[in-house]
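The block underneath contains the structure these notes are about, expressed in structure tokens.
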Amino acid sequence: MITFILNNKTIKTSEHSGTTLLDFVRYQQRLTGTKIGCREGDCGACTVLVGTLLNNTINYQSITSCISPLGNAHGKHIVTVEGTNLKDKLTTAQEAMKANYATQCGFCTPGFVVALTGFALSNSENNYNNALDAISGNICRCTGYKAIEKAAHQVVEKLENKTETSFDWLIENEFIPEYFKSIPQRLKDIEIADLNQPKGKYVSGGTDLYVQQADHLADNDVHLIAEKDYLKGITIENGVCTIGTNATVSDLWNHSDVNSFFPKLKKHLKLVSSEQIRNMASFGGNLVNASPIGDMTIFFLALNSDITILDQDQNERKKALKDFYLDYKKYDLKDGELLKAISFNLPSNYSFFNFEKVCKRTHLDIASVNSAIHISVENDIIIEAHVSIGGVAAIPKYLHETSTFLAGKTLFSETILEANEMLQKEISSISDVRGTSDYKRLLARQLFFAHFTELFPKKFTLNDFVQHA
């Protein structure tokens, strides 16, 4: 029995756990403010909040309900736009949208309201950039974004007066209704039994599977693993970072220790997806998706990561991620096995990491080509290098020969130019909807050069490479 609180109502349902949360909310509960848009997690019209109770504190995050399995709501508080409403008055987020003429046809408006309400409920710093991040996954096709951005600014201005972290201030200032105060205790009081998990397809966040197979997953057995504690967490020990495969991009984004090793981590992760998707997509799902342009796969390949694989008897085996991929959408994972963890050595004082991506939109889009590098340099000698690139081969590509070539070389522009020649021999790009083969080769070259201009700006400019390339 799936049990959770939907707005102010306790739900107990035997509905199939693979059904999408969106369909349950709209068709079973008749809460039609949550809209059906793209059904791919891109437009944000179906945004809801998920509240998770941890150590007597409830943490709210926005997600796209169209690609989230209903079973992942088990034990949580789910908030739709109806659940944010006040009696006979607009909430702060609703009033901000109205006052700034930020709505026209109204189809996208519930998603924006929910996302802005989630921002108010979050523990993120109350600044304008964070507010824009919160609505980055919401698309409006009518008004243009300036009016919506002004609405976000109005919400931030009101939050600047926030004096406490409890729900009381948010209720008093009309961000959320009063029933929110009762939710932590009500979640504690609910007897949350483990879901009966049949043998079926493993599903964690579902952000890739539900784009491709939503109807199939709604009709067949799924084995939901998003709440498996042994697949969660991020730890650092003896210079090694270990990330559970259920961890999300938001978990990495919010991890202060990891950010201290990767000063530009948030800049890199912002290229990956919207906040709603960062809140729900798991790293394990990204790796086994095996997409040749999987952003986090390219990220972890450049860190020369190892993966831990778990079988049905809890036996573990380790494998280098660069040896995991065999062919297009094929990898070394046997029936019944799943990924448990990703581990890698953290950057040292002499090592540097960079991630680059080109896509049709600046953010939140599938890459045409993406690339990452982790390079160690002492006294202008490259001690070690690991380079990865996506979109130019049938698999997410670790550049073995290019990485080996760089090791031991002097950090000169001539070295980088020679390494690019090696890179061009290693890749095997094809023409597709994201660009011709020649275009992708050009992007691969430019991103490779960009790593060095970004990491060593006092030493290299793009002209150092382009005029000779």
Sub-6.0 Å ring centroid separation between H74 and F4: no
Within-4.5 Å side-chain heavy-atom neighbours: I58 and F167: yes
Of K150, E95, Q154, the residue whose pairing with N100 passes side chain to side chain donor-acceptor pair (under 3.5 Å): Q154
Worked check of side chain to side chain contact (heavy atoms under 4.5 Å, CB included) between T64 and T207: CA-CA 9 Å; T64 49; T207 55; 5.8 Å; no
Working for side chain to side chain contact (heavy atoms under 4.5 Å, CB included), residues D306 and L321: CA-CA 5 Å; D306 292 323; L321 181 60; over 6 Å; no
Polar side chain donor-acceptor pair, N7 to E82, under 3.5 angstrom: no
F283 and F300 aromatic ring geometry - parallel, tilted or perpendicular at 30°/60° bounds: perpendicular
N/O donor-acceptor pair under 3.5 Å between Y230 side chain and G244 backbone: no
Residue pair Q28 / D23, side-chain donor-acceptor N/O under 3.5 Å: no
K188-N56 side chain donor-acceptor pair, cut-off 3.5 Å: yes
Non-hydrogen side-chain atoms of H374 and S351 separated by less than 4.5 Å: yes
Heavy-atom donor-acceptor pair, S371 side chain to S388 backbone, under 3.5 Å: yes
Side chain N286, main chain T297, donor-acceptor under 3.5 Å: yes
Test item: F175 and T117 side chains (from C-beta on) under 4.5 Å apart, heavy atoms: no
Pairwise distance CD1(I225) to CG(N72) - rounded to 0.5 angstrom: 9.5 Å
Shortest non-hydrogen separation from I293 to G390 and the atoms involved: CG2-C, 3.7 Å
Test side-chain contact (heavy atoms from CB on, under 4.5 Å) applied to S260 - qualifying residues, sequence neighbours left out: none
Within 6.0 Å of NZ in K318, more than 12 heavy atoms from elsewhere: no
Distance, nearest 0.5 Å, that separates CG of L310 from CG of L333: 10.5 Å
E356 and N354 side chains, donor-acceptor separation under 3.5 Å: yes
Verdict with reasoning, F180 to Y60, per side chain to side chain contact (heavy atoms under 4.5 Å, CB included): CA-CA 11 Å; F180 268 71; Y60 286 93; 3.6 Å; yes
Heavy-atom closest pair, residues L224 and G71: CD1-CA, 3.4 Å
Polar contact flag, side-chain donor to acceptor under 3.5 angstrom, R186-N8: yes
Value rounded to 0.5 Å, distance of SG in C66 from CD1 in I36: 9.5 Å
S68 (side chain) donor-acceptor with S65 (main chain) under 3.5 angstrom: no
Donor-acceptor contact present, side-chain N127 to main-chain N130, <3.5 Å: yes
CG-CZ distance between D311 and R317, expressed to the nearest 0.5 angstrom: 9.0 Å
Derivation and outcome, salt bridge (charged side-chain N to carboxylate O under 4.0 Å, His left out), residues K319 and D332: CA-CA 9 Å; K319 192 174 188 69; D332 182 12; 3.2 Å; yes
CD on Q276 to OG on S136, rounded to 0.5 Å: 6.0 Å
Donor + acceptor pair across side chains of N279, S250 (<3.5 Å): yes
Test applied, side-chain contact (heavy atoms from CB on, under 4.5 Å); reference residue, V25; option that passes from T32, I11, T34, L70: T34
Spatial distance of atom CG (L209) from atom CG (L217) [nearest 0.5 Å]: 6.0 Å
Stepwise side chain to side chain contact (heavy atoms under 4.5 Å, CB included) check, E316 with I309: CA-CA 5 Å; E316 296 182 3; I309 298 170; over 6 Å; no
Any donor-acceptor pair under 3.5 Å from N59 side chain to T52 backbone: no
Geometric class of the F299/H268 ring pair [parallel <30°, tilted 30-60°, perpendicular >60°]: perpendicular
Q94 and N85 side chains, donor-acceptor separation under 3.5 Å: yes
Side-chain touch R39/T20, heavy atoms, less than 4.5 angstrom: yes
Exam field: side chain T92 to backbone N173, donor-acceptor pair closer than 3.5 Å: yes
Donor-acceptor contact below 3.5 Å, side chain N259 vs main chain W253: yes
Side chain proximity check, L49 to I78, heavy atoms < 4.5 angstrom: no
Within 6.0 angstrom of Y145 OH, more than 12 heavy atoms from elsewhere: yes
Side-chain heavy-atom pair L231, K340 within 4.5 angstrom cut-off: yes
Sidechain N-carboxylate O distance under 4.0 Å for E178, K87: no
Test log, rule side-chain hydrogen bond (donor to acceptor under 3.5 Å, both in side chains), inputs N304 and K322: CA-CA 7 Å; N304 199 28; K322 61 189 176 186; 3.3 Å; yes
Pair T103, T109: side-chain N/O donor-acceptor within cut-off below 3.5 Å: yes
Exam field: side chain T248 to backbone A281, donor-acceptor pair closer than 3.5 Å: no
Polar side-chain atom of Y210 near backbone of G18 as donor-acceptor pair, under 3.5 Å: yes
Heavy atoms from other residues, nucleotides or ligands near NZ of K98 exceed 12 (cutoff 6.0 Å): no
Side-chain heavy-atom pair I63, T47 within 4.5 angstrom cut-off: no
Y398 ring center within less than 6.0 Å of Y325 ring center: no
Heavy-atom neighbours of Y128 OH exceed 12 at 6.0 Å: yes
N161, CG: over 12 other non-hydrogen atoms inside 6.0 angstrom: yes
Distance-only donor-acceptor check, side chains S204 and N246, under 3.5 Å: yes
For D295, the option from K270, R278, K357 that meets salt bridge (charged side-chain N to carboxylate O under 4.0 Å, His left out): K357
Test item: I389 and I298 side chains (from C-beta on) under 4.5 Å apart, heavy atoms: no
Atom of G284, atom of L339 and distance for their closest heavy-atom approach: O-CD1, 4.2 Å
Enclosure of E237 CD (heavy-atom neighbours >12, cutoff 6.0 Å): no
